[in-house]
Structure formats: C-alpha cells, structure tokens
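Inspection log for the structure reproduced underneath, given as structure tokens.
Naming convention: chains lettered A, B, ... in sequence-line order (proteins, then strands); numbering from 1 in each chain. Quick caveat, the model's predicted, so the values are computed rather than measured.
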There are 2 protein chains.
Amino acid sequence: MPLSPVVKEISIAVIKTACSNCNLRELCLPFGLSEEEMARLDELINVRKRIKRGEHLYRAGQPFESIYAIRSGFFKTDVLLEDGRDQVTGFQMAGELLGLDGISNEHHSCNAVALEDSEVCHIPFSRLENLSREIQTLQHHFHKVMSREIVRDHGVMMLLGTMRAEERLAAFLLNLSQRFTARGFSHAEFNLRMTREEIGSYLGLKLETVSRAFSRFQEEGLIAVQQKHIRILNIPGLKQIMSHHNH
Amino acid sequence: MPLSPVVKEISIAVIKTACSNCNLRELCLPFGLSEEEMARLDELINVRKRIKRGEHLYRAGQPFESIYAIRSGFFKTDVLLEDGRDQVTGFQMAGELLGLDGISNEHHSCNAVALEDSEVCHIPFSRLENLSREIQTLQHHFHKVMSREIVRDHGVMMLLGTMRAEERLAAFLLNLSQRFTARGFSHAEFNLRMTREEIGSYLGLKLETVSRAFSRFQEEGLIAVQQKHIRILNIPGLKQIMSHHNH
DNA sequence: TTGCACGGTTGACATGGATCAAACCCGTCT
DNA sequence: AGACGGGTTTGATCCATGTCAACCGTGCAA
C-alpha cells in the first residue's frame, strides 16, 4: 500500500502503548497517577510513532494538535530565523515531552528532529486537556512539566548570557550526565548523539570552539573524548570550571 | 498597627479588584471568558498588592503559592548563580503574568523586582487550577500563556546565541515598542524603566556595549536617546539591522 | 546653591572566540 | 583496496566585545 509523501517520512505503528507498564512513567506524564488514573491516560495515548534518525517529528509552522512523549531515542529542537540563522533550543531524551511550544498559537514554533532512531507516544492535546480537567494530579503534573521547561530555558539563558565557552561546555556535559543517570545509564560514559556543530549551536559557540574546549578538558584529565564517545573522569573538576568564571 | 518585617516591604491593599472591568482583560488571564466565567475568576482574584520601585514581589527560593498579573507598572525577573553572577531573564509589563517558573518545584526560581511603582493582582495558584478544571476556556488560555512564555524564551535564546550586539539591542527596542503599542501607548516614544546594566544583563552584553550601540543608532538616525527617554525614528531601519547579520 | 552619588558616555587597550584554512579520522560506497 | 564525504581537530589570524579608566549629566540632599 503506497504511502502519501507526507506520511512516508515517518512510519506510524499503531501499537498499543500502555503508560501503565512503561518504565519511564516516573519521569514522564503519568508521574504520581493512581492505577485507575493511569488506565484512563492509557486510553488517550495509544499511538506510537517510530522516527528514524534525521527525520522530523514536526516542523515549525505545522498545525499543532499533539504533544509527544519520547519513549526511546534522542531529539533536538531548533528554531530558524528568516535570514537562515538557526539555533538548537534543546536536546530531548526518553521520558521528556516535545511540542509544548506549539500550544501558544496552534502551530509548532520549532522543528523537532530525531538524532537517532526513536519512538514517541502521540498525545492528542485537546484530549489531554479534557482528561486533566478530571484528574487533578495529571493537571498539576502537566503544569509542573511546562513550568520546568520555563526554568530550564532560564538556565540556558544564563548559560548563553554569562558563561564563557568552557563553562558552557562543562555545564552541558554535567547536564547530560545527570539526565543519563536519571535514566539508569552510566553517568560517566556515553555517546553524544549530536555533532560538534549542534552542540555549538545550542551553546552559542562555533564548532571549532567546542572542539577546542573538548581537547582542553582532555588535556586537563577531566574527560576522555574519542569522537562522539565521552568518558567523564572528574566531575568535581568540571563543576569547578563552572564556578570560577574568571580565567 | 505595626507591620511585620516581612510584610513591611510591600503594602497590601485589599481592594476589590474585578477582572470584569479591568482594561487589561484582553491581554491577561480572562481573555476569551464569558461574563459569567469572568465573574467566577473575579471571586478568586481579590487581592491587589502595591509594590514600590525597587522592591521584590518575590525572591528565588521562597515558597510558591501564587502567580501575579501585573495591573500597572514594570518588573524585571532575574536569576542568580552561586558565584554571584546574575542575569535578567525578562522585563514584564501590564497584563503579563509573573511567577510561572515557581510551579515546577513549589518554590520561586527567580527574583521579581519592580522597576517602577506597580500594582499586581494576586492569583492563588491552586484555586486557579481548581477553576480551570471547570472552565475549559480558562484552562486552555492558561496553557497558551505558559506556552507563549516558552516560545518567548526560545526567542531570547536565539538572540543570545546568534545575534551580535546591535542586533540584540534592535530586537529589544522593537519588542518593547510592539508591547507598548499593544497597551495603547506610543510605539515610537517611551521611557526605559531599566538601567543600561539591566538591559545588558538581559541581552548578554556589558553596559558599555549597550551604551555604544545606543549612540551608534542615534548617529545613524534610527533613534533619539536622551538618557532613559527613547524615540524610535526608523523602525524599518532597526528591522534591517536584525536581518543582515554580517558586518 | 553646592556637592555628592548614581547612571551614562566615551576612549584606549586587551582578549576570547570567530574565521579561514589545512589536515585528519572513520565509515561507506564502488 | 581505494576513494570519497561528513565530521573533527588544530593552527594562524582577526575582530567584536570586554575591561579599565576618565569624564559627564541629572537629581537629590544638605
């Protein structure tokens, strides 16, 4: 059966996806819900999409109708200016939500691209609003998630506004490490899913600067880098880089 | 009657404040509500606080229990790093909401300071959640407001990550102009409420750089600056500065 | 009225990161 | 196996913005 051009780029698998037995439920939307409440959430979240590396989950300008919970994989979001400049606004991993920016004016305001083969749960937003009018816990948790996104963005603004290159990269690595840990992965060893250029775009730096900072950290014994493979050797050392911001 | 030290710094006036006859209702939370729904919102928003110039509406770390709608005046929000660095994360004016960042972990994550004598409406958050479980329009509008904040933050990240000094300042001025216009003020002439240092902090620049950029714009006939008084003479010119980002 | 304090402006100079360019590494295709 | 291409590393140089310092303007207090 032929697929339309639009659908072709992401294959939709209508697999019954249950929050109730998802191991990410404590990181994700169902956090704090009772069994019975979770069952009601399950009714609404029943489509899972697979997105292959490099494909868009959504694009800026497309009508907004759903948010997405990442079940597995890794994404970036970015915004584009008319003159071609773009900036990565975030990297998202399992258990995190994508698409919250689209609520504001019924259209997505950024692009979401998979950086590795990924799976997301499709959450129709108006049905989520309906359900969260009935389940207070869900309502409150959703508000917390949105608020957390605002706080995170303030952190990035701080980083972009006041930190120098090496501080930014240290903050970035520590943040990744901490999020991997929360998902049960090694806090000290991981593969970067994004290029130096994407890291640079996120951190407001050029790719060469990112590369040099990696090399510098390696020379100082803080990390071991081998292309995309990172081993963090000295977490306190990285933290220290963030604190003494002169030289 | 003596006031406690905590209360002393902001004088609370328990004046009946009605959204229903507030001229900011179309910019603010009541947007889109029917008369009857607005009356229910009125029941919940019945305390107005006056905050004098320089005083804090709230501070980072304080327990969160309310959000605030600005009735009149002008605020800045800023975050502080342990090592003393701080950054202004936004400037807020009448009709805008303050405190959304506090939802995420029951504590405010930034400081909100009045830049001129101001008045805010006090909106107990749990009561707002209760009401928005009953009024779909309110619920949806509140979600839009939070989402808009996220989109705004992405814009600031873009600005901090990719723009040069003069582009940032042009973007800043155009944004202010546009928000003043939306509130019925002149789009071309206004007084800045913040210092050069605060502008710089927001834009990720030093105050001297901000000052030089103002002077440069003046030389080029784009604006007329006289200390805090700004007159915008050439809006297309400012827009153009933002677009050609090389030299 | 004078003087002080705070914010703003301007200049001279220093520097972190951008830019430009070459070479390298690694996986993939032929 | 060889060649190609995307991503990365490293070096040399440049420039926008930071830093430091002097001075100015305005409003408030004595």
| With respect to the phosphate group of D:dT26, does any side-chain polar atom (N or O) of B:Lys228 fall under 4.0 Å of OP1 or OP2? | no
| task | Take atom CZ of B:Arg193 and atom P of C:dG8, then tell me their distance rounded to the nearest Å. | result | 15 Å
| query | Is A:Glu166 touching bases, backbone alone, or none of the nucleic acid, heavy atoms closer than 4.0 Å? | reply | nothing
| Atom-to-atom span, CD of B:Gln227 to P of C:dT10 - whole angstrom | 11 Å
| task | Just say parallel, tilted or perpendicular for the rings of B:His122 and B:Tyr68, cut-offs at 30° and 60°. | result | perpendicular
| request: Using atom NE2 of B:His229 as one end and atom C1' of C:dG7 as the other, report the distance to the nearest whole Å. | output: 18 Å
| note | To the nearest angstrom, the CD1-C1' distance between A:Ile223 and D:dT9 comes to 14 Å
| task | For the pair B:Tyr58 and B:His108, name the ring-plane relationship: parallel under 30°, tilted 30 to 60°, perpendicular over 60°. | result | parallel
| note | The correct set of residues in residues 206-218 of chain A placing a heavy atom under 4.0 Å from DNA chain D is A:Leu207, A:Glu208, A:Ser211, A:Arg212, A:Ser215
| remark: Taken to the nearest whole Å, CE/A:Met163 to C1'/D:dG18 is 18 Å
| said: What is the distance, to the nearest angstrom, from the CG atom on B:Leu203 to the P atom on D:dA16? | reply: 18 Å
| Between B:Arg196 and B:Gln227, is there a donor-acceptor pair closer than 3.5 Å when you use the side chain of the first and the backbone of the second? | yes
| remark: Checking B:Thr89, B:Asn111, B:Asp101 against B:Thr77 for side chain to side chain donor-acceptor pair (under 3.5 Å), the one that qualifies is B:Thr89
| Rounded to the Å, how far apart are A:Arg85 CZ and C:dA18 C1'? | 15 Å
| Could you give the CG-to-P distance, from A:Leu192 to D:dG7, as a whole number of Å? | 14 Å
| said: What contact category does A:Gly204 fall into here, base, sugar-phosphate, or nothing, at under 4.0 angstrom with non-hydrogen atoms? | reply: sugar-phosphate
| task | Without swapping roles, check the side chain of A:Gln218 against the backbone of A:Val225 for a donor-acceptor pair under 3.5 Å. | result | yes
| said: Less than 4.5 Å apart, side chain to side chain, heavy atoms only: is that true for B:Leu176 and B:Met93? | reply: yes
| Is A:Glu198 touching bases, backbone alone, or none of the nucleic acid, heavy atoms closer than 4.0 Å? | nothing
| query | Picking from C:dG17, D:dG7, C:dG7, which would you name as closest to the side chain of B:Thr195? | reply | C:dG7
| request: Using heavy atoms to find the nearest nucleotide of DNA chain C for B:Gln226 and A:Gln226 separately, return the residue whose nucleotide is more 5′. | output: B:Gln226
| message | Checking A:Arg212 against A:Glu208 for the salt bridge (charged side-chain N to carboxylate O under 4.0 Å, His left out) test, could you report, in this order, the C-alpha distance in whole Å, the side-chain angles of both residues, the deciding distance, and whether it holds? | response | CA-CA 6 Å; A:Arg212 280 186 240 271; A:Glu208 294 94 331; 6.0 Å; no
| message | From the set D:dT8, C:dG8, C:dA18, return the single nucleotide nearest to any side-chain atom of A:Leu205. | response | C:dA18
